[in-house]
Amino acid sequence: MSLYPLPWSWAAIEVNNLSLNRRTKKMLRNLVASASRSLVSVSRKSRLVSTQTGVAAQQHPKPVATVDGELVSLQLPSGEHHKFPVMWLRDNCQCPKCFNSQQMSRIIYWDELDTNIKPADIQADREKLSVKWSDGHSSQYKLEWLQDRSFHPEDQKKWLDETYRLPKAGWNAENFESILQRFKYSDVVNSQEHFRGWLEAMAKYGVAIMYDTPPTVESLRELGDKVMYPRRTHYGLQYHVKIKPDATNVAFLKDKLEMHTDLMYCENKPGINMLHCVVQTKGVGGDNLLTDGYYLSEKLKVTNPEAYKTLSTVPVTWSDVGKHGGRLFYFLYRTPVITNDLYGEFVRINYSQPQRSSHFTAPLEQVVAWYKAYDIFTKELNSPENQARIKTRPGEILIFDNIRLIHGRAAYDDNPGNERHLIGQFVDWDEALARLRVLRKDAGLVKI
Ligand code: OGA
Ligand code: ZN
Ligand code: ZN
């Protein structure tokens, strides 16, 4: 039995190892450009007869609320049946003494809450649930508000997918052109719908192109400000990628830039990378290469579970040593190549040949296996099957998820009158998602 939570693909492998090949192919097919539907979203209607307790619901003319130990049970006329923990209800009382609707936050202090509180009386009508507590306090909850906070796993999954984070859809070279969305700069700046479309594409596929961008440093700045604000790093608020005489970074040479993620040596790794092409080489090269790290990770999980486990558990130390404002800096961050969250869900990819520290603070016996797994991963991410290639034109901004995608650049010609020049800027995911949720709220897709 695995020590890790078993997402669908692992579970399927354990169910039937013998038919792995057929299953693997099917899974990979499903993975490409399909949202990570690790759990299905089930509409409320489809649950009318199957309740949390498994008891078939009967049609009730009006809502019925009862107390069942530590839980309040709520039967709705539609047939929906919900259970809410007593303490959660008290904690989330919406009265003005407990919740300030202007600040949109809980104002009752923790020490004013009695964790042994009991409902003394409980009533439900067509609009609300009313609770009179054992200490005399009264609470009322709109039924719609309660339904929106349902504890049914399918409803929680729906909320997580629609409000918390949109599910990712993996891609490879084959379907890259079909998932790549292009947005006109002025549309995104002037229309909420296009703005939302762009951020949704970023959340789902991790890549988009903006075109007809004015060739100024303000263009990117305006885009960052529209989200909320750009992320400042030791490269500044913006950085210019072009040949520099005293290049302190391989990016500022005309050489090939190996596949990498930016600033993987930071715990708070910049989320979204924007590369505004101001001048592109008219000669050969200068193309950007992109691989979907999320797709690769999900694929490896199925095709080579051992390599996947190694790359997602063995800690690697990423580092960057350099100078900023005349002072030396030394960045270090220790995390696996594939970093998952506590629940085994993909969080970020870390990859860079130059910025991988020689301090490898992993158990000695894991190192050989790690090198083998890293080699498999590297071959996959460079394979033409997985890698997309795109040469941006002046006015285009290549925007990609720096937490998820691995990117690189082909070597290029650079000569007088033909000097490649990109302007780079980051925006963090927290800000982008905070903006996206509001855009989705305004479009009626999300409730706050
Ligand atoms: C970088 C980078 C891409 C390019 O500077 O980190 O990825 O096209 N540049 O030059
Ligand atoms: Zn209250
Ligand atoms: Zn880069």
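Atoms within each ligand, like the ligands themselves, are counted from 1 in listed order.
- Residues F176 and Y295 keep their aromatic ring centres 6.0 Å or farther apart.
- A salt bridge links R231 with D428; the closest basic N to acidic carboxylate O contact falls under 4.0 Å.
- Of all the atoms in ligand 1, the ones that sit under 4.0 Å from a non-hydrogen atom of D262 are 6 (O).
- Closest to atom 9 (N) of ligand 1, if we only count protein heavy atoms, is L257 CD2, 3.6 Å.
- Distances from the Zn ion (ligand 3) to the N/O/S atoms of D262 are shortest for OD1.
- Comparing heavy-atom distances from atom 10 (O) of ligand 1 across R409, K254, H260, K391 singles out R409 as nearest.
- Between Y185 and F183, the gap from one ring centroid to the other reaches at least 6.0 Å.
- Nearest to atom 3 (C) of ligand 1 by heavy-atom distance, out of T261, N288, I390, N402, is N288.
- Looking only at protein heavy atoms, the nearest one to atom 5 (O) of ligand 1 is A251 CB, 3.2 Å.
- Less than 2.8 Å away from the Zn ion (ligand 2), the protein contributes these N/O/S atoms: C93 SG, C95 SG, C98 SG, H137 NE2.
- Ring planes of Y294 and F346: perpendicular class, angle over 60° (limits at 30 and 60°).
- Remark: R165 does not engage D161 in a salt bridge, criterion side-chain N to carboxylate O under 4.0 Å.
- Cation-pi geometry between R420 and Y412 is satisfied (NZ or CZ under 6.0 Å from the ring centre, within 45° of the ring normal).
- Taking the N/O/S atoms of H407 in turn, the shortest distance to the Zn ion (ligand 3) belongs to NE2.
- Below 30°, between 30° and 60°, or above 60°: for H234 and Y265 the angle between ring planes is above 60°, a perpendicular geometry.
- Classification of the Y235-Y239 ring pair by plane angle, with boundaries at 30° and 60°, yields tilted.
- When non-hydrogen atoms are compared, ligand 1 lies under 4.0 Å from neither the backbone nor the side chain of K242.
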Run the side chain to side chain contact (heavy atoms under 4.5 Å, CB included) test on D262 and H407 for me, step by step, so that the C-alpha distance in whole Å, both residues' side-chain angles and the decisive distance to 0.1 Å come before the verdict. CA-CA 9 Å; D262 286 352; H407 66 280; 3.2 Å; yes

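- When only interatomic distances are considered, the shortest N/O to N/O separation between Y239 and ligand 1 does not fall below 3.5 Å.
- Within a 6.0 Å sphere centred on CD of E193, other residues, nucleotides and ligands contribute 12 heavy atoms or fewer.
- Listed by number with element, the atoms of ligand 1 under 4.0 angstrom from any heavy atom of R420 are 4 (C), 8 (O), 10 (O).
- Shown in contact with L422 at under 4.0 Å from a heavy atom are these atoms of ligand 1, numbered in order with element: 4 (C), 8 (O), 10 (O).
- Of the listed residues (K269, E267, Q355), just one forms a side-chain contact (heavy atoms from CB on, under 4.5 Å) with Y333, and that residue is E267.
- In this structure, the ring of H82 has its center no less than 6.0 angstrom from the ring center of F151.
- Ligand-side atoms of ligand 1 in range of V241: 5 (O), 10 (O), range being under 4.0 angstrom from any heavy atom.
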